[in-house]
Amino acid sequence: MKAYLVLDFEITNLPAFMEYVEKIPEYLRKHAGRYLVEGVTPEILEGDWEPKTIVILEFETQENSNNFLSDPEVKQLFSIRHKNTNSNLIKVSGGSWRDELSSN
């Protein structure tokens, strides 16, 4: 089953953040990941969520996403992102809530 990482962030130090931007694609490829959305400002349609910039990553499997998140070299890049952005990250599995209902 595919896995998706959804990142909402606001850059606080663009020059320092650029190292992350330049290096992270290599690790996405290494872990069978790809950008579905890459740093786009969203249009808010409902609710009180106020995302700034959105990235959505797709991984072929849950294992690929877990390996990406635990890769020691990626963790160093995450540190750069944490220091130079305000960010929120969630992981979701591909599929549907309907799948859960039909299996019960």
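All values derive from a computational prediction rather than experimental measurement. What you see below is based on every heavy atom in this structure, not just the backbone, and it leaves out hydrogens, waters and symmetry mates.
In this structure, CD on E10 lies 10.5 Å from OG1 on T41, to the nearest 0.5 angstrom. Put simply, CD on E38 and CG on L57 are 9.0 Å apart, with the number rounded to the nearest 0.5 Å. We find the NE2-CG distance between H82 and L89 to be 7.5 Å, quoted to the nearest 0.5 Å. Q76 contributes atom CD, which lies 9.0 Å from atom NZ of K23 (distance to the nearest 0.5 angstrom). Rounding to the nearest 0.5 Å gives a distance of 13.0 Å between CD of E43 and CD1 of I54.
Here the side chains of V55 and Y35 are in contact, with some heavy-atom distance below 4.5 Å. Considering only heavy atoms from C-beta on, E19 stays 4.5 Å or farther from N84 through its side chain. N88 places none of its side-chain heavy atoms less than 4.5 Å from the side chain of V6. Between D8 and K52, the closest side-chain pair of non-hydrogen atoms falls below 4.5 Å. In this structure, L5 and L69 have side chains that are in contact, with non-hydrogen atoms separated by less than 4.5 Å. Using a 4.5 Å heavy-atom cutoff, the side chains of I11 and Y20 are not in contact. No side-chain heavy atom of I90 sits under 4.5 Å from any side-chain heavy atom of Y4.
Residues M18 and L77 fall within the same hydrophobic cluster, defined by Ile, Leu, Val, Met, Phe, Trp and Tyr side chains chained together at heavy-atom separations under 4.5 Å. In terms of hydrophobic clustering, with Ile, Leu, Val, Met, Phe, Trp and Tyr side chains grouped at heavy-atom distances under 4.5 Å, L28 and I80 are assigned to a common cluster. Connection of V40 to L14 is not established within any shared hydrophobic cluster, with ILVMFWY side chains joined at heavy-atom distances below 4.5 Å, either directly or through further cluster members. I56 and F59 fall into different hydrophobic clusters, where Ile, Leu, Val, Met, Phe, Trp and Tyr side chains are chained together by heavy-atom contacts under 4.5 Å.
Checked options N67, N64, D71, T61; the residue passing with H31 is D71 (criterion: side chain to side chain donor-acceptor pair (under 3.5 Å)).
Heavy-atom contacts from other residues, nucleotides or ligands closer than 6.0 Å to NZ of K30 number more than 12. Within 6.0 Å of CD on Q62 lie more than 12 heavy atoms contributed by other residues, nucleotides or ligands.
Side-chain contact annotation: N66 with K91, donor-acceptor N/O pair under 3.5 Å present.
With sequence neighbours excluded, the residues forming a ring-ring contact (aromatic ring centres under 6.0 Å, His included) with F78 are F68, listed by chain and number.
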Take V74 and I24 through the test side chain to side chain contact (heavy atoms under 4.5 Å, CB included) and record every step on the way to the result. CA-CA 7 Å; V74 172; I24 202 71; 4.2 Å; yes

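Closest approach of S87 and R81 over heavy atoms only: OG-NH1, 2.8 Å. The two atoms that bring I44 and E50 nearest to each other are CD1-CA, 4.0 Å, heavy atoms only.
Between F17 and F9, the ring centre distance stays below 6.0 Å.
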